[in-house]
Amino acid sequence: MKERGTRKDIREKKKKPPSPHEAVQESQRTLKALEDMRNDTMKGGGIELIEEQHRRGKLTARERIELLLDEGSFEEFDLLKTGRGGAFGREQTYPGDGVVTGHGTIDGREVFTFSQDFTVRGGSLGEAHSQKISKVMDHAVRVGAPIIGLNDSGGARIQEGVDALASYGDIFKRNALASGIIPQISCIMGPCAGGAVYSPALTDFIFMVEDTSYMYVTGPNVVETVTHTEITHEDLGGAKIHAEKSGVAHFILPNDIMCLREVRRLINYLPSNNRQRAPILDLSDPVGRTDPALDYLVPENPNQSYDMKVAINSILDGAEFLEVQPHYARNIVCGFGRMGGQTIGLVANQPSVLAGVLDNNASNKAARFVRFCDVFNIPLICLVDVPGFMPGPEQEQGGIIRHGAKLLYAFIEATVPRITVIVRKAYGGAYVVMNSKHIGSDINYAWPTAEIAVLGPKGAAEVIYRKEIQSAADPEKTLSLRTEEYRQTYVNPFLSARRGYIDDVIFPRDTRHRIIRSLQFLEGKKRERPERLHGNIPL
Ligand code: HXC
């Protein structure tokens, strides 16, 4: 039976409120309980595993957030969230469930972030972990701020079974739907497997840390079990492999600290969302600055190479260039810089690598970069020196037609201001693809050294004068004469200028000034797209 107090007891209780001292003590007890709860969660998997993380040369999830964001700006969500105990209802739960989530600022601009804690079950993703990530992704899309994922995870939490797989589905869906709305950046900062690599693959840029980060669908142990092949983490999915061979990683840095610093640098080039423009940053570099050295950059001999980065550094504000995928398909250079203070996306052939030819990897690399710039309102500048598409069975069998078409498609669809400067070679299909007037570029300049034609002089002479050369007394001499004749007639920028395909043949030294003036008048460019659900890019 329920005990009932007498009227006198009740009166006395009413009469005796806690003394101020007791009230303070009670509040202190509550605050202490909260503090203990928070401190327990902050420890993640415990001091031993934190030390192990440090021994491996890795920072903890919280240390990483500290370095990523402006000092003191981090506001955490769901610190006290735990899982339900797994698919089978018996598994352990973990405070925070192995991921730290929230928002903060980078140079004063808001970003959202999640940072996986490898000390808690290898940073594996369970239901609560995924709900925490989904929450910050939803906030990021709603307010229009970038999301930065610091990944250090063994993938789906095996103990949570299909709930873990479903949880990854929730994240993949958000990654795809947020694409083109907010910049999504992934840092790979430990061994990442399964879903922990698919989600980053759906984001815009992937950073990896050398020697401590790996990306693979399944780790070396599973590879050995399934294929009976021994392979190291590094060879299977190390930073070098993904930066040079697979093209999965866009940036690789020697350690966590440098990686997070580089993310901050990238964010500064980007708008917060697709409705905004990137922030203007005045580097005090005069718009009218000329560079007479550029007049002598292109060698006399058309077969001699030179470094296109000399031209790139010369035209950009303060020679500051953030190259994307610098180790992959080096025959094309992509990256961000500023001109007149505004962010531009630069795509340039690199004559010093494979003569700047377009191949499968170069086409893929540039196409994705062009798509990113277009969707985030970043004007595109193209510097052209391309002898053509790479011929031969290897490239054909690898799908050069399909991959080349991606670049063509990406440029055609781009509605941001587009400016091209033909520095030297611009032959055949590659001339058209590299942001020519014919596929919608706004302004096209050429240096006097430009060679714009269907084929290179020798190849062209061999085709159109074949019979004459074959029947000549001295075929070599005839070929040489005809080649020179072709060069004089066709291989220059002036035919194109006469047609209006080139807006002007400019002095190389004036390139920076001419581009910036064009960017200035293109500020008000109206961007229109046909009404449709989406096109069908040749993926
Ligand atoms: C649960 C995991 C885990 C996982 C690691 N751990 N991965 N727990 N689920 N997926 C735990 C380990 O049991 C260990 O716990 C702790 O994390 C550290 O792991 P270690 O193996 O000791 O670390 P290391 O030697 O550095 O190796 C890291 C690793 C390896 C390479 C990530 O753990 C590994 O191969 N994990 C499995 C990776 C994998 O195949 N994932 C795919 C999941 S499927 P203790 O208690 O011992 O400290 C998937 C599909 C998603 O993600 C859906 C796609 C559509």
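In each ligand, atom 1 is the first atom listed, and ligand 1 is the first ligand listed.
Within 6.0 Å of atom CZ in R402, more than 12 heavy atoms from other residues, nucleotides or ligands are found, so the atom counts as buried in its surroundings. Remark: E244 CD is packed, more than 12 non-hydrogen atoms of other residues, nucleotides or ligands lying under 6.0 Å away. The local environment of NZ in K245 is sparse, with at most 12 non-hydrogen atoms from other residues, nucleotides or ligands closer than 6.0 Å.
Of all protein heavy atoms, the one lying nearest to atom 3 (C) of ligand 1 is S124 CB, 4.0 Å. The nearest heavy-atom contact from the protein to atom 28 (C) of ligand 1 is P191 CG, 3.8 Å. The shortest contact between atom 1 (C) of ligand 1 and any protein heavy atom is with Q159 OE1, 3.2 Å. Shortest contact from atom 20 (P) of ligand 1 to any protein heavy atom: F118 CZ, 4.7 Å.
Listed by number with element, the atoms of ligand 1 under 4.0 Å from a non-hydrogen atom of A193 are 38 (C), 39 (C), 41 (N). The atoms of ligand 1 that sit less than 4.0 Å from any heavy atom of I158 are 1 (C), 4 (C), 9 (N), 10 (N). Counting the atoms of ligand 1 from 1 in the order shown, those under 4.0 Å from a heavy atom of Y216 are 31 (C). Atoms of ligand 1 lying under 4.0 Å from at least one heavy atom of L165, given by number and element, are 50 (C), 51 (C), 53 (C). Against a heavy-atom cut-off of under 4.0 Å, Y168 is close to the following atoms of ligand 1: 51 (C).
Of the polar atoms of A156, at least one N or O is found under 3.5 Å from an N or O of ligand 1, judged by distance alone. The shortest N or O to N or O distance between G122 and ligand 1 is under 3.5 Å. Of the N or O atoms in R121, one or more lie within a sub-3.5 Å distance of an N or O in ligand 1.
For atom 42 (C) of ligand 1, the nearest protein heavy atom lies under 4.0 Å away. At least one protein heavy atom sits closer than 4.0 Å to atom 9 (N) of ligand 1. Within a 4.0 Å radius of atom 33 (O) of ligand 1, the protein has no heavy atom. Taking a distance limit of 4.0 Å, we find that atom 17 (O) of ligand 1 is approached by some protein heavy atom. Closer than 4.0 Å to atom 12 (C) of ligand 1 lies none of the heavy atoms of the protein. Closer than 4.0 Å to atom 48 (O) of ligand 1 lies none of the heavy atoms of the protein.
The closest heavy-atom contact to atom 24 (P) of ligand 1, among the options E52, H233, R56, comes from R56. If you check each of G219, S167, G195 against atom 35 (O) of ligand 1, the one with the closest non-hydrogen atom is G219. Distances from atom 39 (C) of ligand 1 to the heavy atoms of G154, G190, G169 put G154 nearest.
Between F172 and ligand 1 there is a heavy-atom distance shorter than 4.0 Å. Residue-ligand proximity: N221 is placed with every non-hydrogen atom at 4.0 Å or more from ligand 1.
The side chain to side chain contact (heavy atoms under 4.5 Å, CB included) test with L67 is passed by exactly one of D256, L260, L150: L260.
A196 and S153 make their closest contact through CB-O, 3.5 Å (heavy atoms, listed as atom of the first residue, atom of the second, distance). Here the closest non-hydrogen pair linking M258 and N255 is N-OD1, 2.8 Å. Taking all atoms of both residues into account, the shortest heavy-atom contact from Q116 to D152 is OE1-N, 3.2 Å. Shown here for P146 and A140, the closest heavy-atom pair between the two residues is O-CB, 4.5 Å. Scanning all heavy atoms of the two residues, the minimum distance from T420 to S441 falls at OG1-OG, 3.8 Å.
For R330 and Q350, the side-chain atoms include no donor-acceptor pair closer than 3.5 Å.
Annotation: side chain of F369 is in contact with side chain of F336 (closest heavy-atom distance under 4.5 Å).
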Chi angles and distances behind the side chain to side chain donor-acceptor pair (under 3.5 Å) call for D78, T101
CA-CA 7 Å; D78 290 330; T101 59; 4.8 Å; no
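Side chain of R64 to backbone of M189: a donor-acceptor contact under 3.5 angstrom is found.
Salt bridge annotation for E413-R371: present, with a cationic side-chain nitrogen under 4.0 angstrom from a carboxylate oxygen.
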